[in-house]
Amino acid sequence: MTCAACVARVEKKLNRVDGVSATVNLATGLARISHPPEVGVDLLVSTVERAGYTAQLPSPPLATGDEDEGGEDDGRERLVITAVLAVPVLLLSMVPALQFDYWQWLCFTLAGPVVVWSSSPFHARALSGLRHATATMDTLVSLGVIASYLWSVYALYFGGAGDPGMRMPFSWLPSAEGGTAHLYLEAAVGVPLFVLAGRYLEARAKRGTGSALRALAELGAKDVELKGSGERISVSALRTGQEFMVRPGEKAATDGVVTEGSSALDLSLVTGESTPVEVGPGFRVVGGAVNSGGLLVVRATAVGADTQLARITRLVTDAQAGKARIQRLADAVAGVFVPSIVTVAACVLGFWLGAGADPEAAVTAAVAVLVVACPCALGLATPTAFLAATGHGARLGVLIKDPGALERLRQVDSAVFDKTGTLTTGRMTLVETVVAEGRDATDVLRLAGAVEYGSEHPVGRALVAAARRQAGGEPLPETAGFRAVRGEGVHGRVEGREISVRSPRAARPLPDTLHEGLLRAEEAGHTAVVVEIDSRPVALLAVGDTLRPSSGAAVTKLKRLGIEPILVTGDGSAAAQAVARELGITTVHAGVSPEGKSELVASLRAEGRQVAVIGDGVNDAAALASADLGIAMGSGTDAAIGAADITLVREDMAAVVDAVLLTRRTLATIRANLVWAFGYNVVTVPLAATGWLNPMFAALAMSASSVLVVGNSLRLRADGPRPRRRPQAARRVPGRSAVRRGSDDLSLR
């Protein structure tokens, strides 16, 4: 495919097949097709072939990149040979001082291979379109080259331009002097030269916009060393449950859990976070993460298509194969553009001849109309911008499922936030320790952590983690006679003393110091437990969720962008209000069920609001699916990610702001591209039709228009938000179903 007219034709043919819904993307060369089971890939491929094109199932991203490189080399070779032949023709035709006797015949000799061999791809595709009763950009180029060359043949043999003393002055306007027919060999060679150069630069630019997929494909390790064997095997042979080694400087071969060793992992290539993450036994590892420190032994928990890196790659691929609503309009215009231009050129030729103008001027104007028109810019204006935006979004940790999500995000005016796991980390942490008079806080926490060691309760895990941090690597004391009482707490003997960590009870009054701490915890929404030693209350420990370090700044920036933040949570009112106060959120809905979240979203939309929901849990899935736009945390559940339109791989609420800013820049870029694409044709076609544009300059302008559109889209990769460093410290705050349709991609050529 070479222009938006090709896109329109392929889509039209595919959508005529019963039950098939297809969208074709010019920038990626992919068709996304939803089809019933009885419609196989062979039928889809044959349908594309009947439209005059070829198709196949797409290769993996890395292989696709290699194919693109090969195609790019072939284009460069043709371009270089064309330049060697065409440049002398251009110089001799445009610089009268260089012209000598019979110079025109030398130019004629050099122009022949350019018209025949260099332009053969245009001629071949034009003939293919003719056989299928369609016209594309190649039709215009082929007609322009042939018309310019044939007119030059007529001028040389019958118009007096072949005389030895013939000289041709330079002019950017078409002209003929002294009754001698004007040569258009410079247009015959300039049109293919500039179009080939433009498409070569365009291909390189489009390759740059699609670099995200190649970068993702190259992230994964190629082989892995199994534990104990010492042999290295291909990553594709690795199976779930096997343990493998990750040495310093190596990439983790796949997703897994650390079983031995400790180190720091660099996740910047996968999530955009530049600060290394400390890991040890029990910590999860993401495939593609680089080991910055010691030796790790990892047990594989996911391989192949189930890994996080593979899911990210699929999301980016899906986004880049999609098509936005605004692009459908541009493609619809481009579908009738080429036949309209051919009609205009024929009318221009007839008008000039009918008005008694010189035949040369009539042919020149018609050729200029054919050459200057550019449906390529229309076809590339939107997909290249989305291609660059989705690739840059992946680098920022923002994965966009389809281009339509960017359009909807631009219109959002209300952001509904879940609390736990979204604005907060979802991990309980010790936030306050209150001890009775005469007691040592360090000793109390050590004993509480020891007895909670056998507990699986989130509060217990938080206390154990705090005790371990305090111990600085020293082991906690042994616990004897451990027992857990449902709804009450845990008990055990540590260092000869009976230790209990239990919920506060009204029947057991607390000392004044501990009672005051309990009131503070309840007001703030913390979860409080009482530590007893030999049945005497000695301390109160308050545990709460941890606010994501970036949540406050993200909420503030969203307000500045005109988006109202709304907090919706299933937690109690005290915890919700405490988080809202900390973040500056004024609208709070606490104690809301999953169904209630969906109803709230529906009521907001009924008020005319454009609603985005940001969540991470199964309880958020319905709200995510019912909102105008769903944004899921990458650390969330599969149900939430499946229901969302955007996934934040980076556990950083600043990614929401990055997504909004990226959206606004992308849509501004698209508007600029479309204004240029439409405006260029509106201005240049009349100039060519009225004889104010030489065909050679028309070819230069046409090629430049496509390159300018792609180059403008590339700015999305260079400008805008950058991957951020994760803040080192966290603030403490109070605690605490998707249906998939079958689809296939086709790679179009």
Review point. Who pairs with R131 by side-chain contact (heavy atoms from CB on, under 4.5 Å), at least two apart in sequence or on another chain?
Key: L127, S128
Within a strict 4.5 Å, meaning less than it, do heavy atoms of the [X] and [Y] side chains meet?
X	Y	answer
R410	R664	yes
V398	L662	no
L708	W676	yes
L674	R671	no
L629	I646	yes
V24	Y53	no
L196	R78	yes
V39	D18	no

Residues in side chain to side chain donor-acceptor pair (under 3.5 Å) contact with [X], at least two apart in sequence or another chain:
X	answer
S142	H123
T47	R50
T301	none
S234	S236

Minimum heavy-atom distance between [X] and [Y], given as atom pair plus value:
X	Y	value
I566	S414	CD1-CB, 4.4 Å
V235	A253	CG1-O, 3.9 Å
V20	P36	N-CD, 4.4 Å
D138	A126	O-CB, 4.0 Å
A22	I33	CB-CG1, 4.0 Å
L238	A300	CD2-CB, 4.3 Å

Would you give the length of the straight line joining atom [atom1] of [X] to atom [atom2] of [Y], rounded to the nearest 0.5 angstrom?
X	Y	atom1	atom2	value
M653	F417	CE	CZ	4.5 Å
F122	L143	CZ	CG	13.0 Å
S46	K13	OG	NZ	11.5 Å
S340	N681	OG	CG	11.0 Å
T54	M1	OG1	CE	9.5 Å
L624	I614	CG	CD1	8.5 Å

Under 3.5 Å, side chain of [X] to main-chain N/O of [Y], donor-acceptor pair present?
X	Y	value
Q242	R239	yes
R9	A51	yes
D255	A302	no

Practice item. Using the salt bridge (Lys or Arg N to Asp or Glu O under 4.0 Å) rule, collect all pairs that involve residues 35-45, keeping only residues at least two apart or in two chains. Key: none
Practice item. Start with the C-alpha gap between V660 and L409, add the side-chain angles, then the distance that decides, and say whether side chain to side chain contact (heavy atoms under 4.5 Å, CB included) holds. Key: CA-CA 7 Å; V660 174; L409 182 55; 4.1 Å; yes
Tell me every residue that passes salt bridge (charged side-chain N to carboxylate O under 4.0 Å, His left out) with [X], counting only those two or more places apart in sequence or in another chain.
X	value
D223	R232
R609	E564, E607
R605	D628

Check your understanding: Where do L661 and R665 land on the side chain to side chain contact (heavy atoms under 4.5 Å, CB included) test, with the steps shown first?
Key -> CA-CA 6 Å; L661 294 175; R665 283 180 42 77; 5.6 Å; no
Practice item. With side chain to side chain contact (heavy atoms under 4.5 Å, CB included) as the test, would you mind laying out the steps for V657 and L558 before giving the verdict? Key: CA-CA 7 Å; V657 180; L558 287 176; 4.2 Å; yes
Check your understanding: Going by atom types only, do N673 and S713 share a side-chain donor-acceptor pair under 3.5 Å?
Key -> yes
Exercise for review: Output, in order, the C-alpha distance, side-chain angles, deciding distance and verdict of side chain to side chain contact (heavy atoms under 4.5 Å, CB included) for R76 and L79.
Suggested key: CA-CA 5 Å; R76 183 166 56 241; L79 174 61; 5.5 Å; no
